[in-house]
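Below is one structure, written out as structure tokens, with a few remarks after it.
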Amino acid sequence: MWRRISSVALLVCIFVTSSVPAASPQSDKWTRRTYQAQQLLDSYYGNGDNIVRAQTILNEVLTANPDFVPAQLQGVRLTLMGGHIVSYEFASGALQTARAMLLRAVQLEPRNPEVHVLLGHLHFLEEDAAAALDSLNTASELKSENPWLNNDFGNVYFAQGDWARADEYYKLVERLGPGNTPQQRRALVHALTKRQQVASQRDDPAEVQRLGKLATAAAAPEDAWTWGEVGNVLFVEGFFDEAIRNDRKAISIMSYGVGRQNLALALYGKWAQMKSIGLDTEAEQYFAEADSLLPLLDNFGLVQERFHRSARSVIALGPLVYERFMELQHQQMQRLMHPGGPPPKDR
């Protein structure tokens, strides 16, 4: 079964980076300012101030020089980041705006490899694999040195279920190491988290754990998302204790909705696991916390779907979640029918 790890996984990687070229005498100021914006975007982990500051800089550059392609490319990235909602969902018009900006960049600099890297990423977000590969191959032919090029190749093949081919591209990024820039660190972390997902698809639990630890070790201190994403895959594999630890770390860095949801799922998993071996009393603390974060009565469909889309050991716990849901539903109906308490026994 193809495990839909990304269904509530933390944010699809929309942060493919377009490197700013070396400054020329004519564009020295705008190159420096654009690089400042790039650094802000490369260091964005939900901290909205980075988006605002980058937008201010890019507005300044593009007002003075509307055809400055490096700034246009960072503007595309900003549009995608600012318009991203969750998983593969974007605010209305975000992808269309990004496409218009990129098509203009292609007209201005058709042989700029960074334009084609980013265009390939956009096609991937639009779920057009053929166009994505065409643009990425063009970037490769133009000798792009962007570390995100191989990540984007990997993303396309991962989406197609070609785990072996995807993994080879992610390994190329991993071999580059963390580098000295936020761009390279983010590229490495993405490659490691995707390799962890590949290991999950291949039913390789030892690799799932190993790669998850490498990813969190490489993550920036302010990066809650990687901890949450790694925790999500650990849940899928049934490593509930490890998932809980990772998810708690994630929301200790930044309390965000998907992170709290991931923690709730891991807690439901731990509750069901303990209940399955007869530790009913000890299990209740996990259920109580999970239900406070993601009430089962209101979210049973989501919880059931996540259990079902996981490893066999997690799927096997699904009936316990269903039984508990039915109990809660029955209790709710009794309260609605008898708001003043239970009916008299001698009626």
Side-chain angles (χ1 to χ4, degrees), residues 3-13 45-47 84-87 89 189 192-194 196-197 200 205 208-209 211-276 279-311 313-318 320-322 324-325 328:
R3 297 167 191 162
R4 289 176 54 195
I5 294 171
S6 298
S7 59
V8 296
L10 185 54
L11 297 184
V12 63
C13 190
Y45 296 99
N47 40 335
H84 185 256
I85 300 172
V86 67
S87 191
E89 297 180 20
V189 170
L192 290 169
T193 55
K194 296 300 289 188
Q196 186 200 29
Q197 293 178 25
S200 179
V208 166
Q209 291 183 305
L211 290 164
K213 289 176 182 177
L214 288 177
T216 54
E222 63 273 25
D223 179 6
W225 296 340
T226 294
W227 287 91
E229 189 163 353
V230 168
N232 179 47
V233 182
L234 290 168
F235 160 79
V236 165
E237 287 299 312
F239 296 123
F240 301 127
D241 289 314
E242 295 91 335
I244 290 169
R245 283 196 291 271
N246 276 264
D247 294 330
R248 289 200 194 283
K249 175 69 173 180
I251 62 176
S252 75
I253 297 171
M254 179 178 67
S255 182
Y256 63 103
V258 175
R260 293 190 297 274
Q261 179 175 293
N262 285 342
L263 175 57
L265 289 166
L267 290 163
Y268 278 128
K270 181 64 176 177
W271 162 77
Q273 184 183 62
M274 295 183 73
K275 192 172 176 63
S276 71
L279 299 176
D280 293 28
T281 301
E282 297 88 337
E284 281 308 302
Q285 62 178 315
Y286 294 99
F287 182 88
E289 185 178 1
D291 197 51
S292 70
L293 291 166
L294 191 72
L296 188 59
L297 269 175
D298 299 328
N299 299 279
F300 172 69
L302 182 152
V303 176
Q304 182 185 48
E305 191 262 349
R306 292 305 315 286
F307 271 71
H308 180 67
R309 294 287 185 175
S310 297
S313 61
V314 182
I315 294 172
L317 299 172
L320 292 173
V321 179
Y322 176 73
R324 189 57 174 267
F325 169 71
L328 293 173

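These numbers come from a predicted model, not from an experiment. Values reported hereafter were calculated over all heavy atoms of this structure, with side chains retained and with hydrogens, waters and symmetry mates removed. Along the sequence shown, the residues carry numbers beginning at 1.
- Judged purely by atom type and a 3.5 angstrom limit, Asn232 has no side-chain atom pairing as donor or acceptor with the backbone of Val230.
- The aromatic rings of Tyr322 and Phe325 sit tilted relative to each other, their planes meeting at an angle between 30° and 60°.
- Using bins of under 30°, 30° to 60° and over 60° for the plane-to-plane angle, the ring pair Phe235/Phe307 lands in the perpendicular bin.
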**OP:** Could you please spell out the steps behind the salt bridge (Lys or Arg N to Asp or Glu O under 4.0 Å) verdict for Glu289 and Arg248?
**Re:** CA-CA 12 Å; Glu289 185 178 1; Arg248 289 200 194 283; 2.8 Å; yes
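- Within the 4.5 Å cutoff, no side-chain heavy atoms of Leu234 are placed close to those of Ile244.
- Between Met254 and Tyr45, the closest side-chain pair of non-hydrogen atoms is not below 4.5 Å.
- Under a 3.5 Å cut-off, the side chain of Asp223 and the backbone N or O of Thr226 do form a donor-acceptor pair.
- Counting heavy atoms from C-beta on, the side chains of Val236 and Arg306 come closer than 4.5 Å.
- Ion pair Arg324/Glu284 flagged as a salt bridge, since at least one NZ, NE, NH1 or NH2 atom sits closer than 4.0 Å to an Asp/Glu carboxylate oxygen.
- Side-chain contact between Gln273 and Leu317 is present, with heavy atoms from C-beta onward closer than 4.5 Å.
- Between Val314 and Phe240, the closest side-chain pair of non-hydrogen atoms falls below 4.5 Å.
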Subject >> Working for ring-ring contact (aromatic ring centres under 6.0 Å, His included), residues Trp271 and Tyr286 >> reply: CA-CA 5 Å; Trp271 162 77; Tyr286 294 99; over 10 Å; no
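- Gln197 and Glu229 form a side-chain donor-acceptor contact under 3.5 Å, judged by distance and modelled atom types alone.
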